[in-house]
Structure formats: C-alpha cells, structure tokens
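Chain letters run A, B, ... following the sequence lines, proteins first and then strands; every chain starts at 1. No hydrogens, no waters, no symmetry mates; every other heavy atom, side chains included, goes into these values.
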2 protein chains.
Amino acid sequence: MAAAAALLLALLLAVASAPPLAAASSAGEAAAHPGYSADEGTCTVGAPAARRLELEGRGGTTGRIIDITHAYVPDLPAFAPGAATGPLVRLKASMEDGSEYNLSELRMECHMGTHVDAPGHINQAHFAAGLDVDTLDLHVLNGPALLVDVPRDTNITAEAMESLKIPKGVRRVLFRTLNTDRKLMWKKEGDMSYVGFTEDGAQWLVDNTDIKLIGVDYLSVAAFDHLISAHVVFFKNPDIIPVEGLKLDDVEAGIYMLHCLPLRLVGSEGSPVRCILIK
Amino acid sequence: MAAAAALLLALLLAVASAPPLAAASSAGEAAAHPGYSADEGTCTVGAPAARRLELEGRGGTTGRIIDITHAYVPDLPAFAPGAATGPLVRLKASMEDGSEYNLSELRMECHMGTHVDAPGHINQAHFAAGLDVDTLDLHVLNGPALLVDVPRDTNITAEAMESLKIPKGVRRVLFRTLNTDRKLMWKKEGDMSYVGFTEDGAQWLVDNTDIKLIGVDYLSVAAFDHLISAHVVFFKNPDIIPVEGLKLDDVEAGIYMLHCLPLRLVGSEGSPVRCILIK
C-alpha cells in the first residue's frame, strides 16, 4: 500500500504540472513515459527501478492476493547462458507525438519470463494433434495449490520428491528451490546452473502422485542436463501443465488458491501467463 | 467434455501412427500443426475450425469455470472498419524441421481481442507517471462481478445506465449489449457500428456508482462517436479498469467470481488478458 500511495503522490504531482488531460495537441509537452527511451520507443529505463522496488517487498506479498508472476522487463533472463530477454514492448502510436492515444505492440517468444508450456512444446505428436496452450484445462490452472520447499542441495530427483511426502490427491504443487534463494529470475543473464526436475524425479512424480500442475521458480521445469528427457516424461500424457519462471520470493509455504491464466494463443505451444495466489 | 474426448481420440490416433516421441531426428515425419500453414509458419488453418466449435458451445460455458475470453486467432476483428487481426503467433523453431522443441513467437498490438486498458492509453499525464498495465489493481481485477443485459436499442447512455439500477457497492460489472447478439467479435471485419459508452453514460457511471471494473463485449468501452471523450471521463482518475472484447455469449446474467489476469507488461498502456467467471 505504501507503493500505491507513492504512485498516487507521483500522479498528483504529474497532474499538477501537466497540460490539460484531454488536449492531445498539447500532450507533447508532457514527459515521455519513464519506461521508454526517447529514441527507439523501447522499454528500457523504468524497468530496473520497478524491479528494485519489487525486490524490496512491493509486488503484493502482503494482503490477500499474492502476485507470483515476474514483470516482463528487458532484463529478465532468457533461456541461454548470459542471455537477457531484451525489449518486449514498443510504443507504436504516441500522444507525445500528436496521436489521440498511446498504443504499444508486444513481441516476445512464448517461453519468456513466467509462462506455461503446452504438450506440443517437446512432443511433435501432441503438437500435430493441436494440443496448444488454448487446450490447457482451466480446472487444472485454477484451484487449491501447495507451495513446498525443495531441499536446497539437490535437483528435484526421485529421492527429493519422495522426501517431500506430498499427499495423494494434491493436484497443484509449486516447488520452491535454490533458484529462489539465488534470485536467478532477478538476474538478467540466463544461468543454466539452475535446479529442476531430473528424468527420474519427473518419472517419480508421474508414477506416485496426482500432480497435474507443476510450478517451478526458473525458466524450465527440467534441470539443464535433463532438459529434453524430463520434459518427455511429463508430456507422455498431455495432462500435466508446467508453469515456469514463478516468483516465489517471500511467500510462506502452505496451501493457497492458485489462479494461472495464460493467453488463448491458438497454435502456440507456450504462453506468457499471470499467476496469483489468494490466501 | 465431448470436445476433450474428441481431442483425446485424435491424440491416441496421432500417437499410434507417429514416430517415437523423443526422437527429434524422426519427428519430421509427423504432420504439421493444423494451426500453421506450411509456407510461413503463421497461424491460419486450424483457427476457424476452433472458433466454430466454440460458437457451438465448446469453450467452457458448461461446468464451474466459464471462459469469457476470445481465442487469439488471425480472424479476430481489429479496431478499424473491415480490419482483421491477422496472424499473431509464428513458429520460430520446429520439431518437424529437426529442432528438439517447438517454439513460437507472439507479436500483437496490446489492444487486440480480449484486453485491458491502463490509464495511460488516452491520458498522457497518467502515461508519463508510469501508470501502465503492471500498476492495475489485482483487487479490482479479481472479485465478485455482476453480468447485466443492457437494453438492446441503445448505446450505454446515462439513461441506459440509470435503467439498469445497479446497486451501490457493486465494483465490477460486465455489460452485455447488442454487440453479443450481433456476434461482432466473431466476425473478422472490424465493425464500428458497435455500441458502447457515450460520454454522458461514462459520466453517469463515475458520478453515481462504485464501479471500478467495466467489462464490455466489443473492442472499445466507448461508442465510436464518443471514442476519446468517454475514455477521457473514465481515465480522469486512474482507478477504473476497462476490460474490452469479452466473450459473453451464452452466459446467464447474474453474480460470479471474476478473475481477469493481464500480463505484467511494464511500460505498456494495454495488455491481452485471460478472464474467467467461476459460478
């Protein structure tokens, strides 16, 4: 709420010094959006400040709704060693340049930041059968979920899975790992030393639990050395939904209502997603 | 569930005739995704069939979760006379071509299909103050909502608003109009004869109700003749969230839990969104 108050104050100050709100012709006198650089219209400047605020406890971790989605900013890590996401949003029409409205365009790979995989991502038969993100079951994406802490010295192996003693009947689990402690999603360089499921960990989950939604705290549900093999295990049947790149910092372990709503991207094997917990 | 069963059947047939799932080198023999054309990798073929299914009652209008989001397909209408959205998703890496995974890229204007506006869309002071979609209040975007039927012979004027007798304290209202009866969102040509809020209707809402989330069933909350003026009224204060292009076909009027989750697009004045109702 302090952040909201600060925003409101900033807004009041901006309004006090700005030209009349509805006058498109004079809007050019207002300052450029802090999220855009002046030359290219790409999102570069405001993002780091917003992310710093969030690291310090903005982002809704107090109160009833907890946002477990990373903001889409250019310095999100991408899935390659040292790679950043880069600009995703570009201002196509600008009131500052005389337009009656501001209008941005979005351009991104569908597996950037917090996102879901559809079965067709690593399984061509499922892809050919049209099992895209629009076919993902909303009754899996929405419902009670368990947030657990994985032992910090291991990938999510069969042994680690067994040690978590997740009860039968639990359908949605968010796995918090060393990735969160290392703040890997807050570093702009992709880091392939993240932890994730090994092939035997994936097989153990499929064989011994009722889990259908698997939330993880870095860009892949599978550890890098098991990247294809663990995905293949999960996608053998098309009923498991990996949700990757979640922001699980500063959330207590426990049971929440989870709402994950991907875009209805017909034909796509992945989608950016917004995920929240409600306590 | 009939659609799910049909999908499962199609999948079983595909698996029975497909090469081994994990063998990237032989994946090239599997059929192309029906949502993509062979030449450009753009989404063109599967989409109309999916939309027809949905018109006939797929899309989750039975059961506990009701999807009120339009699928993103190339033949969604765009906001200009006769304009269609066009391809949004493009396959960048393909298992059929020997990649170990399928990977799509998304490119779209942020006000296509079902989407939210942030205050900076039509208000430069708010834009300059950084009031992007990432600042929209999750406590407004999630909560109880009332779905009402607007008289079918009018824009959403002050008189129409008054006639709806929406009780004080109601914070989220989805306005179903003639647009739904005319199936405007299901036609690929943008149609500027849609109905929406007039300036006096917008002012009446601000002055006489507690509504903070305004859902409408075409691409703009404002009628075309009041496009800027009605937006200006709504965005005078930055606390109202328009949700546009909702799919309200075949949903009973009444009270639901609404979950609208836009992407966290830092710097953008709009975002595609997934919205669901839970009965």
Side-chain angles (χ1 to χ4, degrees), chain A residues 7 10-11 14-15 18 21-22 27 30-31 33-36 43 46-47 50 60 65 67 69 71-73 89 95 100-110 120-125 127-130 132 134 138-139 142 228 232 238 259 261-269 272 274 276, chain B residues 10-11 14-15 18 21-22 27 30-31 33-36 43 46-47 50 60 65 67 69 71-73 89 95 100-111 120-125 127-130 132 134-135 138-139 142 228 232 259 261-269 272 274 276:
Chain A
L7 263 176
L11 171 70
V15 169
L21 303 189
H33 188 285
Y36 288 88
C43 182
I65 296 178
D67 197 346
T69 318
Y72 291 102
V73 290
V89 170
M95 292 179 77
E100 283 184 297
Y101 48 82
N102 293 305
L103 180 69
S104 292
E105 183 186 65
L106 169 64
R107 184 173 186 172
M108 65 188 295
E109 287 181 6
C110 294
H121 183 35
I122 315 271
N123 183 314
Q124 181 61 19
F127 190 77
D132 58 24
D134 192 32
L138 284 170
H139 289 91
N142 296 271
I228 302 300
V232 166
H259 294 285
L261 294 179
L263 302 182
R264 297 193 61 186
L265 301 179
V266 173
S268 178
E269 76 303 318
R274 185 73 171 272
I276 61 170
Chain B
L11 171 69
V15 167
L21 302 188
H33 188 286
Y36 288 89
C43 182
I65 296 179
D67 197 345
T69 318
Y72 291 103
V73 289
V89 170
M95 293 178 77
E100 282 185 298
Y101 47 82
N102 292 305
L103 180 69
S104 292
E105 184 186 67
L106 169 65
R107 184 173 186 171
M108 64 188 294
E109 285 180 5
C110 294
H111 299 260
H121 183 36
I122 315 272
N123 183 312
Q124 182 59 21
F127 190 78
D132 57 24
D134 191 33
T135 66
L138 284 170
H139 289 91
N142 297 272
I228 302 301
V232 165
H259 295 285
L261 294 179
L263 302 181
R264 297 193 60 186
L265 301 178
V266 173
S268 178
E269 75 303 317
R274 185 72 172 270
I276 61 171

**Prompt:** How long is the span from the OG atom in B:Ser268 to the CG atom in A:Leu106, to the nearest 0.5 Å?
**Reply:** 7.5 Å
**Prompt:** Shortest non-hydrogen contact from A:Glu269 to B:Asn102?
**Reply:** CG-O, 3.2 Å
**Request:** Calculate, to the nearest 0.5 Å, the distance between atoms NE2 and CE belonging to A:His121 and B:Met95 respectively.
**Result:** 9.5 Å
**Complete:** Residues passing the ring pair (Phe, Tyr, Trp, His ring centres under 6.0 Å) test with B:His259, sequence neighbours excluded, are A:His259
**Message:** Could you measure the distance from the CG atom of B:Asp134 to the CZ atom of A:Arg274? Nearest 0.5 Å is fine.
**Reply:** 6.0 Å
**Item:** Gap separating the CG atom of B:Leu138 from the CG atom of A:Asp67, nearest 0.5 angstrom
**Value:** 5.0 Å
**Message:** Restricting to salt bridge (charged side-chain N to carboxylate O under 4.0 Å, His left out), what partner residues turn up for B:Glu105, sequence neighbours left out?
**Reply:** A:Arg107, B:Arg90
**Message:** As an exercise: rank A:Leu103, A:Asn142, A:Leu265 by heavy-atom pairs under 4.5 Å with chain B and give me the winner.
**Reply:** A:Leu103
**Request:** Enter the distance from B:Glu100:CD to A:Ile228:CD1 here, rounded to the nearest 0.5 Å.
**Result:** 4.0 Å
